[in-house]
Amino acid sequence: MYTQGLDIPGGEPGAGNSAAKGKPQTTEPAELQADFDAKMAADRKIEPQDWMPEAYRKTLIRQISQHDHSEIVGMLPEGNWISRAPSLKRKAILLAKVQDEGGHGLYLSSAAETLNASRDDMIDALQTGKAKYFSIFNYSTPTWAAVGVIGWLVDGAAIMNQIPLCRCSYGPYARAMIRICKEESFHQRQGLELLLNMMQGTEAQRAMVQEAVNRWWRPVLMMFGPPDAESVHSSQAQAWGIKRISNDDLRQKFIDAAVQQAEVLGVGFPDPDLKWNAERGHHDFCAIDWDEFWNVVGGNGP
Ligand code: BYC
């Protein structure tokens, strides 16, 4: 069941960061709102010192802090493989990637702090279950191939979702995303290259890759969030220029790109309905089990 999530306290209504602290705004005067609306209409960035509606600030804190938690929690399944990586080269690559994820968490918590969110409050919200992290990190990584699949598909999906966030209306979040996306493309490539190597190896290695793809494909599609019709935050987030492309459109773009990469790799996806639809100009795919998604988000994952 969906319940409305995070509500991090802190800050003054309508104020971005401490630069605005000297002039508290207890009301939201029409001129300030009009100025904000004009910036939105002109597609200009909102900066921490600018007045912003309280709901805009809270939406950003919810999304940025959840993004931050996803980066940090995402270090756990991969970090677990550092001491088990099959060669020095793979260990060095994985170490660098996991460190990058920690850095992403740092850029994002810094961006949230410009909105007057404190790290203590954000961590408290995670630990008390008020804040979420990406559902995907509840799935297990029992084989080395899963590490490659995280890079290829999980980071691949993350890039698809994060590229439009580089144009987010809130300056500090948009700028953090530019650097994060550059690093994510290395993450995606190292996963693809790891899997390509395994696919050129033994029969057992190829089977291990296919098994990992089979287990991760559907959960990866859930990363883009619920279908547009059930996405409670989308319309407001799109009106505010936080989200630029809808959950369903990003999911479709990702599937179309992944099918081509799977051909290069020589793996299949576990979906009998996956086929090119010339009329739509996209691949059709089978229905996603959203009950599983909400169960995992609700803490009842595998
Ligand atoms: N998992 O109205 P909606 C990485 C929640 S890290 C869990 O569509 P919104 C990596 C959503 O929060 C990359 N929950 O929401 C790291 C909301 O619940 P609340 C992380 C999800 O915000 C290390 C409810 O469902 N990237 O790749 O408009 C190693 C309704 O959804 C999920 C980001 O965080 C999910 N997948 O859109 C390797 C990207 N999806 O908050 C890899 C930034 C939805 O009301 N975030 N929910 O309690 C976003 O772009 C947007 O927040 C989303 C959701 C597209 C995810």
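Remember, it's 1-based here, ligands and their atoms both numbered in the order they're listed.
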Ligand 1 to [X] polar contact by distance, N or O atoms, under 3.5 Å:
X: K97; answer: no
X: D155; answer: no
X: N247; answer: yes
X: L165; answer: no
X: Q66; answer: yes
X: M223; answer: yes
X: E184; answer: no

Closer than 4.0 angstrom, basic N to acidic O: yes or no for [X] and [Y]?
X: D43; Y: R244; result: yes
X: D100; Y: K97; result: no
X: R189; Y: E193; result: no

Pairwise side chain to side chain donor-acceptor pair (under 3.5 Å) hits with a residue in residues 171-182, at least two apart =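 Qualifying pairs: E47-R175, Q63-Y173, H67-Y173, Y107-R179.
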Could you name the option among H233, K243, Q238 that has the heavy atom nearest to atom 54 (C) of ligand 1?
-> K243
Taking the minimum heavy-atom distance to atom 10 (C) of ligand 1, which of F224, W294, Y173, F137 ranks first?
->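 The residue whose heavy atom sits nearest atom 10 (C) of ligand 1 is F137.
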Heavy-atom distances under 4.0 Å decide this one: backbone, side chain, both or neither, for [X] against ligand 1?
X: V232; answer: both
X: H67; answer: both
X: E230; answer: neither

Has R119 got more than 12 heavy atoms of other residues, nucleotides or ligands less than 6.0 Å from its CZ?
-> yes
If you draw a 6.0 Å radius around NZ in K39, do more than 12 non-hydrogen atoms from other residues or ligands fall strictly inside?
-> yes
Contact with ligand 1 for [X], non-hydrogen, under 4.0 angstrom:
X: Q162; answer: yes
X: A237; answer: no
X: E78; answer: yes

Tell me, which pairs form a ring pair (Phe, Tyr, Trp, His ring centres under 6.0 Å) where one or both residues lie in residues 116-151, sequence neighbours left out?
->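 Sorted result for residues 116-151: W81-W144.
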Quick one: sort the F269 and W152 rings into parallel, tilted or perpendicular, breaks at 30° and 60°.
->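 F269 vs W152 ring planes: parallel.
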Parallel, tilted or perpendicular, as decided by the 30° and 60° cut-offs, for the rings of F254 and W217 |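 Judged by the thresholds at 30° and 60°, the geometry between W217 and F254 is parallel.
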Distance-only polar pair, side chains of H283 and N277, donor-acceptor under 3.5 Å | no
